[in-house]
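Everything below concerns the one structure shown next.
Numbered from 1 within each chain, the chains take letters A, B, ... in sequence-line order.
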Amino acid sequence: MKRHTLWILLAGTAVLAGGVARAAETPADFLARYQNEARQSAPGFSASAERGEKFFTTTHGGEWSCSTCHTKNPAARGKHANTGKAIEPMAPAANPERLASTRSVEKWFGRNCKDVLGRVCTPAEKADVVAWLMNSPR
Amino acid sequence: MTATFPTRALRALALVVAAGAAGLALADDDENKRMNINHPEYRSECGSCHIAFPPALLGTGSWRAMMAGLDKHFGSDASLDAETSAVITKFLVANAARRDTSGSDGRPQLRISDTPWFRKEHRDGHDGITPGIFRSEAVKSAANCAACHRNAAEGDYSERDIRIPRNGARS
């Protein structure tokens with residue numbers, strides 16, 4: 001009887017833990033995903049934090065760079081260029097909510113790339129940016 | 001006799017003024033300027049680039065028009081997936097102003113800060129609003145409600161929480 005209960009408890013815990021592990025996404029998941037996507041067209045591709053930083057901090061023909069709102073320091077608080085609203089840091093080391101959900105990451109890459117570049121970002125560009133953000137200390 | 005009359009009159013007057021002021025203060029306190037923004041998806045999706053504005057400050061036509069053009073939202077791409085967009089539209093419409101907020105051209109106004117109500121409530125000289133304050137460095141835009149309404153992010157526009165920044169207008 002007692003053992004039985006224990007087994008049920010253990011099994012339940014394992015199922016729960018498994019569910020949580022599958023639901024949570026890590027920055028490394030995004031790096032791997034974008035890198036794999038980029039390799040479909042460029043097999044030798046490897047993400048570069050250095051390229052990511054350059055991409056993030058320079059303009060691309062428009063008025064804004066990514067840094068206009070997010071600053072050049074991923075560990076710092078940013079400020080929306082139009083509204084002045086504070087934007088929490090981008091580096092996962094400084095803000096555990098970053099690079100943790102596909103829904104959020106894809107939504108914001110989609111919007112912000114259109115605002116800054118007038119087009120979607122390529123998987124290679126996203127991989128580089130993620131690599132740079134992951135590299136940033138807190 | 002002649003000396004007491006004005007004194008009494010003054011005292012009576014003072015009483016009336018005090019009562020009036022108290023009445024006003026009470027009325028203001030009673031006026032609960034907390035506006036409904038209590039919807040988790042609305043707050044997170046429409047409160048990321050600016051504070052979540054109170055649905056009660058625009059009519060249904062304005063909200064529907066805004067939600068139909070999120071990909072070109074005041075110069076920004078604010079697009080949402082269809083499902084989230086439908087959920088938020090429902091909340092906005094259910095809590096919208098009863099009055100119509102169309103402009104003189106008959107088209108729905110998209111800015112709260114362009115509506116006649118807003119312009120009247122925030123006219124120059126009214127309760128410390130100075131010319132140019134909305135374009136000043138400290139405020140930047142009339143849409144930056146929280147620059148003056150310190151609890152705007154919580155939907156609270158009570159008068160006691162208004163602090164107008166020093167006018168830093170440079171123009």
- [ ] Tell me, yes or no, whether the heavy-atom count around A:E88 atom CD, taken from other residues, nucleotides or ligands under 6.0 Å, exceeds 12.
- [x]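 Enclosed.
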Task: More than 12 heavy atoms from other groups under 6.0 Å of CZ on B:R98 - done: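 It does not: B:R98 CZ has 12 such atoms or fewer within range.
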Determine, using the 4.5 Å side-chain heavy-atom cutoff (strictly less than), whether [X] and [Y] are members of one ILVMFWY cluster.
| X | Y | result |
| --- | --- | --- |
| B:V87 | B:L80 | no |
| B:V93 | B:I112 | no |
| B:Y157 | B:W117 | yes |
| A:W64 | B:F74 | no |
| A:F55 | A:F45 | no |

Open item on the list: If you apply the rule side chain to side chain contact (heavy atoms under 4.5 Å, CB included), what do you find for B:E45 with A:K107, and how did you get there?
Closed with: CA-CA 11 Å; B:E45 297 294 351; A:K107 179 178 69 186; 2.7 Å; yes
To the nearest 0.5 Å, how far apart are [atom1] in [X] and [atom2] in [Y]?
| X | Y | atom1 | atom2 | answer |
| --- | --- | --- | --- | --- |
| B:C49 | A:I87 | SG | CD1 | 7.0 Å |
| B:S79 | A:K114 | OG | NZ | 5.0 Å |
| B:S141 | A:N82 | OG | CG | 8.5 Å |

TODO: Would you mind reporting whether B:L70 and A:R111 have side-chain heavy atoms less than 4.5 Å apart?
DONE: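 No, too far: nothing below the 4.5 Å cut-off.
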- [ ] Heavy-atom distances under 4.5 Å only: say whether B:D71 touches chain A with side chain, backbone, both or neither.
- [x]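 When you check distances to chain A, no heavy atom of B:D71 falls under 4.5 Å.
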Open item on the list: Is B:T84 in contact with chain A via its backbone, its side chain, both, or neither, using a 4.5 Å heavy-atom distance?
Closed with: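 The side chain, not the backbone.
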Open item on the list: Checking side-chain contact (heavy atoms from CB on, under 4.5 Å) between B:D77 and each of A:N112, A:D115, A:V116, which is the one that passes?
Closed with: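 The side-chain contact (heavy atoms from CB on, under 4.5 Å) with B:D77 is passed solely by A:D115 among A:N112, A:D115, A:V116.
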TODO: Give a yes or no on whether a salt bridge exists between B:E83 and A:R103, defined as a side-chain N under 4.0 angstrom from a carboxylate O.
DONE: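 So B:E83 does not pair with A:R103 through a salt bridge.
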